[in-house]
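All remarks here apply to the structure that follows.
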Amino acid sequence: MPKRIYLIGLGLIGGSIALSIKQKDPSIYITGYDINKDQAIMAKKIGAIDEIADTCFPNQLEFMDIIFVSTPVEQTVSLIKELSAQRLKNGVIITDVGSTKVKIVDCANNYLSEQIKFIGGHPMAGSHKSGIMAAKPHLFENAFYILTPSKHATKDDIEMLKMLLNATKANFIEMSAQEHDKVTGVISHFPHIVAASLVYQAKTYEEQSPLVKRLAAGGFRDITRIASSNPFMWRDILLHNKKPLLKLFDEWIVEMQRVKGFVENEDALNLFDYFEHAKNYRDELPEKQKGAIPSFYDLYVDVPDYPGIISEVTGYLAKEKISLTNIRIIETREEINGVLRLSFQTEDDRERAIHCIANYSSYGTYII
């Protein structure tokens, strides 16, 4: 097992990896660096790292067994190039956590020597929060963790990295960088584009009808939640995954033309089949398995409309030490029950909340 780890980037992902490793084996010494010094200080305070590096490439870099690069994809490419010029230990494993892999692995193949073993990584889990304070040692539990080895990485190197990352309790899958980018383009990257496009369409229609924004506050807001993701991160992801996404654009246009034809021709049979097949495939998707897009664990609670009701409900959850990631009032009007949408980090937290509220109150609950 490696004993010295260097971690560049101490946010949600990097911090969670460090916490899981330290929880399983406190003897592993982790040095960390973040451009935000406050993040680095907090990472040390919560026990994610043992030491804060003064610079991104400290002198002790040459003694590290494994180097994690936990930064946005564009920065990761730059850091790999810079790491190639540093004095590093022979056989050192370098890995990243980026959402795209082809450009990153190609960069590693072109710039890193055969003594440096690069293994691309993509832990497919996240949170609605960011930063080191949102990091959790169990963030990747039961999530898929994709590994995309470079040309110099051996099976032993991959097993070494897996052995270390077993602390995350993730499910490991090995694939080529090309296959990774095609798959994530379909199930993650392109859906983000569609969600953002739907929001743009609503914004355009709002100029014609001010009611659009008010009516979009319910289901529309929910189905476009991923459009609220970090714009800097998604700009870089789309630029890095250009080729698969351009193909998906073409296929999407063809698909929309097909559905448009059904509507134009009032083809009821094909419209029914279209929605039925989509429903059946969607209903067969795994419910509890973590995927490329973070799941939303929401609980909708019918509550009476009176002062203090929100603090009352959240107080019940606090008694049972159940953490909320978000809370929103869907509807409150005089003499009509309001609906609270409570969002949780995990399915287990949501199930506990259902029992908690049922035990403490007389409110009805329903889940979407």
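Everything quoted here is computed from the prediction, not taken from an experiment.
- A salt bridge is defined here as a Lys NZ or Arg NE, NH1 or NH2 lying under 4.0 Å from an Asp or Glu carboxylate O, and E206 with K203 fails to meet this definition.
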- Message: Would E276 and K279 count as a salt bridge (Lys or Arg N to Asp or Glu O under 4.0 Å) here? Give the steps.
- Response: CA-CA 5 Å; E276 184 183 41; K279 176 187 183 302; over 6 Å; no

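- Under the 3.5 Å distance criterion, the side-chain polar atoms of Y6 are matched with a main-chain donor or acceptor of C56.
- Between I67 and the options L88, I116, T95, a side-chain contact (heavy atoms from CB on, under 4.5 Å) holds for only L88.
- For the atom pair CD1 (I173) and CE (M175), the distance works out to 5.5 Å, reported to the nearest 0.5 Å.
- Looking at Q86 and E62, their side chains never bring a donor and an acceptor atom within 3.5 Å of each other.
- Inter-residue side-chain proximity for V313 and L342 is flagged as met; some heavy-atom pair is nearer than 4.5 Å.
- Listed for the T76 side chain is a donor-acceptor partner under 3.5 Å among the backbone atoms of T71.
- If you run side-chain hydrogen bond (donor to acceptor under 3.5 Å, both in side chains) between Y29 and each of E51, K3, Q60, only E51 comes through.
- Side chain of K101 to backbone of T148: no donor-acceptor contact under 3.5 angstrom is found.
- Annotation: the span from L79 atom CG to L83 atom CG amounts to 6.5 Å, rounded to 0.5 Å.
- In the model, Y205 has no side-chain atom that pairs as donor or acceptor with a side-chain atom of Q201 under 3.5 Å.
- Distance alone, capped at 3.5 Å, is enough to place a donor-acceptor pair between the N230 side chain and the M233 backbone.
- I146 contributes atom CD1, which lies 9.0 Å from atom CD of E179 (distance to the nearest 0.5 angstrom).
- Side-chain atoms of H277 come within 3.5 Å of backbone N or O of D273 as a donor-acceptor pair.
- Without hydrogens or angle criteria, N110 side chain to D106 main chain gives a donor-acceptor distance under 3.5 Å.
- With hydrogens and angles disregarded, no donor-acceptor distance shorter than 3.5 Å links the side chain of N171 to the backbone of F144.
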- Given side chain to side chain contact (heavy atoms under 4.5 Å, CB included), test L7 with Y33 step by step and report yes or no. CA-CA 6 Å; L7 178 56; Y33 173 82; over 6 Å; no

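- Within the 4.5 Å cutoff, the side chain of K22 has heavy atoms near those of the D50 side chain.
- Looking at T224, its side chain never comes within 3.5 Å of a backbone N or O of A227 through a donor-acceptor pair.
- Taking the charged nitrogens against the carboxylate oxygens, E159 and K155 have no contact shorter than 4.0 Å, which rules out a salt bridge.
- The closest side-chain heavy-atom distance from T31 to I49 is not below 4.5 Å.
- Note that CE of M64 is 6.5 Å distant from CG of L61, once rounded to the nearest 0.5 Å.
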- Verdict with reasoning, S343 to R225, per side chain to side chain contact (heavy atoms under 4.5 Å, CB included): CA-CA 13 Å; S343 301; R225 272 171 122 171; 3.3 Å; yes

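- A donor-acceptor contact closer than 3.5 angstrom links the side chains of D25 and S27.
- Counting heavy atoms from C-beta on, the side chains of F172 and I158 never come closer than 4.5 Å.
- More than 12 heavy atoms of other residues, nucleotides or ligands shown are found within 6.0 angstrom of CG on L239.
- A salt bridge is absent between K103 and D181: the closest approach of a Lys/Arg side-chain nitrogen to an acidic carboxylate oxygen does not fall below 4.0 angstrom.
- Within a 6.0 Å sphere centred on CD of E266, other residues, nucleotides and ligands contribute 12 heavy atoms or fewer.
- With salt bridges taken as basic N to acidic carboxylate O contacts below 4.0 Å, one links D65 and K89.
- Of the N and O atoms on the side chains of T168 and S20, not one donor lies less than 3.5 Å from an acceptor on the other residue.
- Annotation: side chain of P149 is not in contact with side chain of D157 (no heavy-atom distance under 4.5 Å).
- In this structure, the separation between CD1 on I30 and CG on L10 is 9.5 Å, given to the nearest 0.5 Å.
- By the 4.0 Å N-to-carboxylate-O rule, K162 lies close enough to E174 to be salt-bridged with it.
- The stretch residues 228-270 participates, sequence neighbours left out, in these ring-ring contact (aromatic ring centres under 6.0 Å, His included) pairs: H189-W234, F190-F249, F190-W252, H192-W234.
- With a 4.5 Å cut-off on side-chain heavy atoms, S323 and K136 do not count as touching.
- Note on L324: it clusters hydrophobically with I354, by side-chain heavy-atom contacts below 4.5 Å among ILVMFWY residues.
- With rounding to the nearest 0.5 Å, the separation of CD1 in I132 from NZ in K45 is 13.0 Å.
- A donor-acceptor pair under 3.5 Å links the side-chain atoms of N359 to the main chain of H355, judged by distance alone.
- Both V77 and F57 are members of a single hydrophobic cluster when ILVMFWY side chains are connected at heavy-atom separations under 4.5 Å.
- When side chains are defined from C-beta on, V92 does not count as touching I66, because their heavy atoms never get closer than 4.5 Å.
- Considering only residues two or more places apart in sequence or on other chains, E264 meets the salt bridge (charged side-chain N to carboxylate O under 4.0 Å, His left out) condition with none of them.
- S150 contributes a side-chain N or O that, together with a main-chain N or O of F118, makes up a donor-acceptor pair within less than 3.5 Å.
- The closest side-chain heavy-atom distance from F275 to N280 is not below 4.5 Å.
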